[in-house]
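These notes concern the structure reproduced below.
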Amino acid sequence: MGASLGLTVGRSIVSLSYMAINDSSSDVRRPPTVVVTGASSGIGKACALELDRRGWHVYAGVRSEQAARQLSSEASDRLTPLTIDVTDAGQIAAAAETVARGVGDAGLDALINNAGIALSGPVELVPIDAWRRQFEVNVIGHVAVTQAFLPLLRKAPGRVVNISSVNGGLAAPYMAPYSASKFAIEAITDALRIELRGFGIRVAAVEPGPIDTPIWDKSVGVADQMSEDVDPAALALYGDDLNAMRAVVAKSARTASPVQRVVRAVVHALTAERPKTRYFIGMQARMPFKILKMIPDRLRDWLIRKVVGMR
Ligand SMILES: NC(=O)c1ccc[n+]([C@@H]2O[C@H](COP(=O)([O-])OP(=O)(O)OC[C@H]3O[C@@H](n4cnc5c(N)ncnc54)[C@H](OP(=O)(O)O)[C@@H]3O)[C@@H](O)[C@H]2O)c1
């Protein structure tokens with residue numbers, strides 16, 4: 001990632017900020033460049049603003065004029081809002097062209113695949129269209145954006161950070177659509193990390209446990225709407241178990257960690273000399289990947305049912 005300045009943060013050496021432009025005739029320095037999808041709120045917004053504060057040129061993916069204006073009002077003049085709905089091939093191509101013009105021969109230093117939605121409910125009752133939507137946004141969208149920006153990342157060479165989840169290591173009951181999308185992101189991240197190593201492109205996954213962002217309210221809203229649309233008799237079959245799971249989700253939302261914990265991990269993944277392959281945010285995130293995977297399936301199922309309070 002170009003010339004860098006070493007700086008000690010905590011126990012890690014991170015390389016900071018400005019890199020020499022690919023212009024040998026001048027001593028001009030350019031800020032490192034990053035594309036962040038889903039930068040209108042939550043983790044994406046916090047990453048965009050922190051990287052902007054650190055001097056990066058942030059291309060911030062948003063889906064509305066209002067979000068673009070709001071983000072710009074909180075950032076420096078460097079920040080460039082970029083219209084990207086990750087399910088819209090035309091918007092992705094146009095965004096890649098805009099960024100290509102902006103970064104020129106120096107290429108793109110980083111891509112943060114962050115955009116996401118969380119759909120929940122019993123496997124049996126979540127409408128197939130909702131399943132498709134979950135995968136279009138959280139999985140296919142990330143792949144499409146990565147494909148579009150890889151030629152620019154290869155030039156730098158840059159880094160890719162995929163925002164996965166604790167649910168990428170643990171399939172929670174009634175969260176199968178979301179969990180499945182994050183398991184897919186885990187697989188894609190692992191393959192991509194190996195495929196891109198030869199190009200000097202580092203790939204990392206960030207695995208947050210519950211984080212305090214608007215995603216909780218949004219997903220409860222969508223779940224309530226879906227519940228209204230399904231056959232009440234079918235829903236009643238799951239009655240108490242569903243309520244038990246709702247209580248767990250509500251508690252997770254109440255005790256969620258601050259978004260800055262994720263931001264710190266993302267900054268490390270983008271700037272450390274030796275970035276990690278996975279960043280676990282909190283004990284809750286480490287457990288599914290490190291401990292629960294070693295437990296026999298039926299014992300793990302029993303534990304989950306106990307913790308949730310299911311029949
Ligand atoms: N919060 C948590 O507890 C948690 C835990 C683990 C992982 N994560 C992951 O972190 C990522 C960010 O979530 P968050 O918690 O920050 O939620 P959030 O505040 O709801 O932010 C989600 C972002 O994704 C954007 N988005 C949704 N659909 C999109 C689409 N089709 N195209 C482009 N952007 C789209 C939203 O834009 P609009 O405003 O336009 O809808 C918003 O900017 C997600 O991948 C999520 O799965 C979150």
Side-chain angles (χ1 to χ4, degrees), residues 35-50 58-71 81-92 95 111-120 130 132-146 148 161-170 172 175 177-186 188-189 205-222 248-263 265-266 278-282 284-286 288-289:
V35 170
V36 186
T37 64
S40 69
S41 77
I43 292 169
K45 180 175 182 176
C47 288
L49 291 177
E50 175 61 17
V58 177
Y59 291 90
V62 291
R63 294 198 298 167
S64 69
E65 269 298 316
Q66 198 206 338
R69 273 197 303 275
Q70 179 61 42
L71 199 57
L82 208 54
T83 304
I84 312 182
D85 184 318
V86 300
T87 65
D88 185 323
Q91 284 187 9
I92 294 171
L111 167 64
I112 304 173
N113 284 309
N114 163 76
I117 55 175
L119 303 186
S120 57
R132 290 210 168 93
R133 174 103 191 117
Q134 178 72 84
F135 274 73
E136 278 298 327
V137 177
N138 287 25
V139 183
I140 308 297
H142 287 218
V143 174
V145 169
T146 304
V161 175
N162 289 335
I163 306 297
S164 183
S165 167
V166 60
N167 292 106
L170 174 72
M175 292 188 66
Y178 182 69
S179 292
S181 76
K182 293 300 184 181
F183 268 65
I185 284 297
E186 290 295 315
I188 291 162
T189 305
V206 176
E207 326 282 5
I211 304 296
D212 185 12
T213 74
I215 203 170
W216 297 89
D217 287 342
K218 292 180 199 172
S219 56
V220 167
V222 174
V248 170
V249 169
K251 186 173 176 209
S252 296
R254 278 198 309 276
T255 57
S257 302
V259 73
Q260 287 307 324
R261 293 194 65 181
V262 184
V263 174
V266 169
R278 280 194 167 70
Y279 291 82
F280 301 104
I281 316 294
Q284 271 202 49
R286 200 172 294 269
F289 290 90

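Index from 1, following the sequence. Whatever order the structure lists them in is the order used to number ligands and atoms, beginning at 1. Keep in mind that the numbers below use all heavy atoms, side chains included, and drop hydrogens, waters and symmetry copies.
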Checklist entry - Short N/O distance, under 3.5 Å, between G38 and ligand 1? => result yes

Checklist outcome for this item: Honestly, for A118 the part within reach of ligand 1 (heavy atoms, under 4.0 Å) is neither

Next on the checklist: I need the I211 CD1 to Q260 CD distance, nearest 0.5 Å.
Outcome noted: 10.5 Å

Checklist outcome for this item: atom 46 (C) of ligand 1 has as its nearest protein heavy atom Y178 OH, 3.5 Å

Item to check | Side-chain ion pair, E186 and K182, N-O less than 4.0 Å | outcome: no

Next on the checklist: Tell me the nearest of G42, G209, A253 to atom 4 (C) of ligand 1, using heavy-atom distances.
Outcome noted: G209

Checklist outcome for this item: shortest atom 15 (O) of ligand 1-to-protein heavy-atom contact is with T213 OG1, 2.5 Å

Next on the checklist: What I'd like to find out is whether the side chain of V206 reaches to under 4.5 Å of the side chain of N114, using heavy atoms alone.
Outcome noted: no

Checklist outcome for this item: Near I84 (heavy-atom distance under 4.0 Å), the atoms of ligand 1 are 32 (N), 33 (C)

Item to check | Atom pair OG/CG of S179 and L170 - distance to nearest 0.5 Å | outcome: 6.5 Å

Checklist outcome for this item: For Y178, the ring pair (Phe, Tyr, Trp, His ring centres under 6.0 Å) test, sequence neighbours excluded, returns none

Checklist entry - Given K45, Q91, Q66, R63, which has its nearest heavy atom closest to atom 40 (O) of ligand 1? => result R63

Item to check | Euclidean distance, I185 CD1 relative to E207 CD, rounded to 0.5 Å | outcome: 10.5 Å

Item to check | Option passing side-chain contact (heavy atoms from CB on, under 4.5 Å) with D88 (candidates V86, D85, I92) | outcome: D85

Next on the checklist: Less than 4.5 Å apart, side chain to side chain, heavy atoms only: is that true for R133 and T87?
Outcome noted: yes

Item to check | Shortest heavy-atom approach to atom 48 (C) of ligand 1 - which of N138, I211, V62, I43 | outcome: I43

Next on the checklist: Just to confirm my output: which protein heavy-atom neighbour is closest to atom 39 (O) of ligand 1, and how far is it?
Outcome noted: S40 OG, 2.6 Å

Checklist entry - Would S164 count as a contact of ligand 1 if the rule is a heavy atom under 4.0 Å away? => result yes

Checklist entry - Would you call T37 a ligand 1 contact, heavy-atom distance under 4.0 Å? => result no

Item to check | Distance (rounded to the nearest 0.5 Å) between Q70 CD and S41 OG | outcome: 11.0 Å

Next on the checklist: For P214, state whether at least one heavy atom is located under 4.0 Å from any atom of ligand 1.
Outcome noted: yes

Checklist entry - Does at least one non-hydrogen atom of S64 fall below 4.0 angstrom from an atom of ligand 1? => result no

Checklist entry - Closest non-hydrogen protein atom to atom 6 (C) of ligand 1, residue and atom name please, with distance? => result P208 O, 3.4 Å

Checklist outcome for this item: For atom 12 (C) of ligand 1, the closest protein heavy atom turns out to be N114 OD1, 3.1 Å

Next on the checklist: Checking a contact table here: which protein heavy atom is nearest atom 31 (N) of ligand 1, and how many Å away?
Outcome noted: D85 OD1, 3.0 Å

Checklist entry - Can you tell me which residue and heavy atom of the protein come closest to atom 18 (P) of ligand 1, and the distance to 0.1 Å? => result S41 OG, 3.3 Å

Checklist outcome for this item: Sorted by chain and number, sequence neighbours left out, ring pair (Phe, Tyr, Trp, His ring centres under 6.0 Å) with F183 holds for none

Checklist entry - What part of V166, side chain, backbone, both or neither, has a heavy atom within less than 4.0 angstrom of ligand 1? => result neither

Checklist entry - Stepwise, does the side-chain contact (heavy atoms from CB on, under 4.5 Å) test hold for S165 with M175? => result CA-CA 12 Å; S165 167; M175 292 188 66; over 6 Å; no

Checklist entry - Heavy atom under 4.0 Å from ligand 1: found in K182's side chain, backbone, both, or neither? => result side chain

Checklist entry - Where does V137 meet ligand 1, judged by heavy-atom distances below 4.0 Å: at the side chain, the backbone, both, or neither? => result side chain

Checklist entry - To which protein heavy atom is atom 20 (O) of ligand 1 closest, and what is the distance rounded to 0.1 Å? => result K218 NZ, 2.6 Å

Next on the checklist: Using the rule side-chain contact (heavy atoms from CB on, under 4.5 Å), only one of L71, I84, T37 pairs with V62; which is it?
Outcome noted: L71

Checklist entry - Among G116, A46, P210, which one has a heavy atom closest to atom 27 (C) of ligand 1? => result G116

Checklist outcome for this item: Between the CD1 atom in I112 and the NE2 atom in H142, the distance rounded to the nearest 0.5 Å is 12.0 Å

